[in-house]
Amino acid sequence: MKNFADLTEREVLAVAIASEEEDSRIYMTFAEDLAGRYPDTAKIFEEMAEEERGHRHRLLETYEQRFGAHLPPIRREDVKGFLRRRPIWLTKNLPLDTIRKEVETMELEAERFYAKAAEKAEDVGVRRLLGDLAEEEKGHEKLAVKLTGEILKPDVRAEEDRTRRRMFVLQYVQPGLAGLMDGSVSTLAPLFAAAFATHHNWQTFLVGLAASIGAGISMGFAEALSDDGSLTGRGSPWLRGLTCGLMTTLGGLGHTIPYLVPDAWPNAFWIATAIAGIVVFFELWAIAFIRARYMDTPFLQAVFQIVLGGAIVLAVGILIGAA
């Protein structure tokens, strides 16, 4: 990699041309990705892509006047000092805030590059062009604000906010809640059956640990393989699967961990069981609250479904274990 200070004027222009071309394609990729979910915001990125194409055209004209038609094969990745950015634009259904943050980084990086390049340029025309581009990149944020004001009217912005909330629920809350429900409820029966069958905390803990991890792996793969997100817009299947699997495991471990109370303690079994029962109570009410908060389920209905259902599963486990 070359240091920025070692670049020739020709190489600076070549890097700038390649960067503008790449940024234009990135903005268009963002626009295409957002067109189905946020069509009005997609127009903003189309406008910004057009701006970048204009910058490239001006840079290319100056380059051809100074150095001819051949461009040296150098890009910003070949120059030290540029931020190493993940190619998130290759990912479909990115959250809108993630895209906007990436755009802010791109604009800041471009503005700094042109400002430093203008300082070291020897040709007056090149210096003027690079300085102008630095100011224009600096003003890109103002352009985005201007376009946001023109395109995103209050009713459009409200609709996009609702869409963003729906996407958050689909991509994170729904798989996480499904995992938490499965982990908290499905592990109750085997855990408390083992507890009342053995009256030994350590054996009960091992059963709960196995049930929690096994359920987490199963739910994680089931969620990841159920929907690739291409039609539903639910995002990365592996991210959803990881979220679901982790929440399933955590849901089961919540009432398993109390059985780490040493068996040597007096009344160790009843201490652990009492703590586990309290944990289960809070788990079930937390799930009911999340369902009411994010899934538009009436709170009393959520309580009936989750708390009553969990209590039945708990009772079944105790009865089987005590038989």
Side-chain angles (χ1 to χ4, degrees), residues 86 88 90-99 101 164-195 201-202 204-261 272 275-297 302-303 305-307 309-311 313-314 317:
R86 296 179 299 113
I88 64 167
L90 299 180
T91 304
K92 294 295 183 183
N93 300 317
L94 282 170
L96 187 56
D97 286 339
T98 301
I99 293 177
K101 288 177 183 178
R164 189 186 313 177
R165 184 178 184 276
R166 287 196 297 270
M167 297 300 296
F168 174 75
V169 170
L170 285 172
Q171 294 178 359
Y172 300 101
V173 176
Q174 192 177 73
L177 181 60
L180 187 60
M181 289 172 57
D182 186 86
S184 297
V185 176
S186 69
T187 58
L188 288 177
L191 178 75
F192 283 93
N201 288 353
W202 179 245
T204 301
F205 172 77
L206 293 179
V207 171
L209 182 65
S212 300
I213 295 176
I217 295 172
S218 175
M219 285 291 291
F221 275 103
E223 177 63 34
L225 298 175
S226 66
D227 174 17
D228 64 3
S230 59
L231 294 178
T232 60
R234 297 181 66 208
S236 168
W238 295 110
L239 179 60
R240 294 194 331 271
L242 180 63
T243 301
C244 185
L246 287 176
M247 293 305 295
T248 302
T249 303
L250 289 175
L253 289 178
H255 44 258
T256 298
I257 289 176
Y259 284 97
L260 284 174
V261 172
I275 296 173
I278 294 172
V279 171
V280 169
F281 174 82
F282 283 105
E283 283 178 345
L284 296 180
W285 279 93
I287 293 171
F289 172 79
I290 294 172
R291 280 180 60 85
R293 173 71 175 80
Y294 290 102
M295 307 303 290
D296 297 325
T297 304
V303 169
Q305 292 174 341
I306 303 301
V307 178
V313 174
L314 175 63

Checklist line | Qualifying residues under side-chain hydrogen bond (donor to acceptor under 3.5 Å, both in side chains), relative to Thr187, sequence neighbours excluded | finding: His255
Item checked: Val261 backbone acceptor or donor facing Asn201 side chain under 3.5 Å -> yes
Next item on the list: Report the residues that fulfil side-chain contact (heavy atoms from CB on, under 4.5 Å) with Ile278, sequence neighbours left out, ordered by chain and then residue number.
Entry: Phe282
Margin query: Against Val280, only a single residue in Val185, Val313, Leu188 fulfils side chain to side chain contact (heavy atoms under 4.5 Å, CB included); can you say which?
Written below: Leu188
Under 3.5 Å donor-acceptor pairs involving side-chain atoms of residues 210-220, not counting sequence neighbours:
| unit_1 | atom_1 | unit_2 | atom_2 | d |
| --- | --- | --- | --- | --- |
| Ser212 | OG | Gly208 | O | 2.7 |
| Ser212 | OG | Gly252 | O | 3.4 |
| Ser212 | OG | Leu253 | N | 3.4 |

Notebook entry, point to check: With a 4.5 Å limit on heavy-atom distance, are the side chains of Val207 and Tyr259 in contact?
Noted result: no
Check: Which heavy atom of Trp202 sits nearest a heavy atom of Leu260, and at what distance?
Finding: CZ3-CD2, 3.9 Å
Checklist line | Residues that Val303 engages under side-chain contact (heavy atoms from CB on, under 4.5 Å), provided they are two or more places apart | finding: Trp285, Ala288, Phe299, Val307
Check: Can you tell me how far the CG atom of Leu242 sits from the CE atom of Met247, to the nearest 0.5 Å?
Finding: 11.5 Å
Check: What heavy-atom pair brings Thr243 and Tyr172 nearest, and what distance separates the two atoms?
Finding: CG2-O, 3.9 Å
Check: Looking only at heavy atoms, which two atoms of Pro258 and Ala272 are closest? And how far apart?
Finding: O-CB, 3.3 Å
Notebook entry, point to check: In chain order, what residues pass the side-chain contact (heavy atoms from CB on, under 4.5 Å) check against Ile287, with sequence neighbours excluded?
Noted result: Leu177, Leu180, Met181, Ser184, Arg291, Ile306
Notebook entry, point to check: What distance separates Thr204 OG1 from Phe192 CZ, expressed to the nearest 0.5 Å?
Noted result: 9.5 Å
